Undergrad: 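Just dropping this structure here.
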Amino acid sequence: MDHFPSFSSIRRLTVAATLLLLSLPAAASVIVRAEIEPGAHAAIRGARDIILELRPPRGGSAQQFLEPWLADAKTWKNYEGRMAVAIPYRMLSPAAQRKALEALFP
């Protein structure tokens with residue numbers, strides 16, 4: 001004689017599976033963030049993208065603040081006048097990449 005699971009056990013399994021699947025997108029969007037220095041944070045988004053979050057100072061000192069972080073120092077103008085920027089890892093200078101990795105993975 002075959003034994004089939006009861007309706008209540010199938011229902012519990014379905015609810016558990018649904019809750020697990022609903023929790024996956026939330027876990028994937030968690031951001032890990034670590035301060036490098038005031039105004040500069042390394043972050044991991046979506047468990048795969050490393051970025052550098054910067055808060056450039058107002059006024060003429062934005063260039064001086066941004067250039068050391070960027071692989072191509074001339075691109076600082078792309079971020080001029082913004083209150084906050086997120087720079088992808090591939091666009092960071094080697095020194096900034098190292099600082100980001102050291103902050104995220106001490």
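On a predicted model such as this, the values are computed, not experimentally measured, just so you know. For the numbers below, each heavy atom of this structure counts, side chains included, while hydrogens, waters and symmetry mates do not.
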Undergrad: Does any non-hydrogen side-chain atom of Ile36 lie less than 4.5 Å from one of Leu52?
TA: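 Yes, their side chains come closer than 4.5 Å.
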Undergrad: I'd like to know if the side chain of Gln97 reaches the main chain of Tyr89, judged simply by a donor and an acceptor atom lying under 3.5 Å from each other, with no hydrogens or angles considered.
TA: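 Checking the backbone N and O of Tyr89 against the side chain of Gln97, a donor-acceptor pair under 3.5 Å is found.
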Undergrad: I'd like to know whether Glu53 forms a side chain to side chain contact (heavy atoms under 4.5 Å, CB included) with Arg45, so could you lay out the CA-CA distance, the side-chain angles of the two residues, the decisive distance to 0.1 Å, and finally the verdict.
TA: CA-CA 11 Å; Glu53 300 173 338; Arg45 286 188 182 166; 3.9 Å; yes
Undergrad: Is there side-chain contact between Tyr79 and Leu70, with at least one heavy-atom pair below 4.5 Å?
TA: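 Contact flag for Tyr79/Leu70 side chains = yes.
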Undergrad: Please check if atom CD in Gln64 has more than 12 non-hydrogen atoms from other residues, nucleotides or ligands closer than 6.0 Å.
TA: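 Counting other residues, nucleotides and ligands, CD of Gln64 stays at 12 neighbours or fewer.
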Undergrad: I need the minimum non-hydrogen distance between Glu35 and Ala103, along with the two atoms involved.
TA: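 What the structure gives for the nearest pair is O-CB, 4.2 Å.
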Undergrad: Would a hydrophobic clustering, with Ile, Leu, Val, Met, Phe, Trp and Tyr connected at side-chain separations under 4.5 Å, put Leu66 with Ile51?
TA: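 No: no chain of side-chain contacts under 4.5 Å links Leu66 to Ile51.
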Undergrad: Closest approach of Pro57 and Ala62, non-hydrogen atoms and distance?
TA: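 Closest pair (atom of Pro57, atom of Ala62, distance): O-CB, 3.8 Å.
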Undergrad: Quick check: is Ile50 connected to Ile87 through a chain of hydrophobic side chains (ILVMFWY, heavy atoms under 4.5 Å apart)?
TA: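 Same cluster.
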Undergrad: At their closest point, which heavy atom of Glu67 faces which heavy atom of Ala73, and how far apart are they?
TA: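 In terms of heavy atoms, the two residues are closest at CG-O, 3.6 Å.
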Undergrad: Looking only at heavy atoms, what is the nearest atom pair of Trp69 and Ala96, with distance?
TA: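 Closest approach of Trp69 to Ala96, heavy atoms only: O-CB, 3.4 Å.
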Undergrad: How far apart are the closest heavy atoms of Leu104 and Val32, and which atoms are they?
TA: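 The answer is CD2-O, 4.1 Å.
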Undergrad: Rounded at 0.5 Å granularity, tell me how far NE2 in His41 sits from CG in Leu54.
TA: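 Output value for this atom pair is 10.0 Å.
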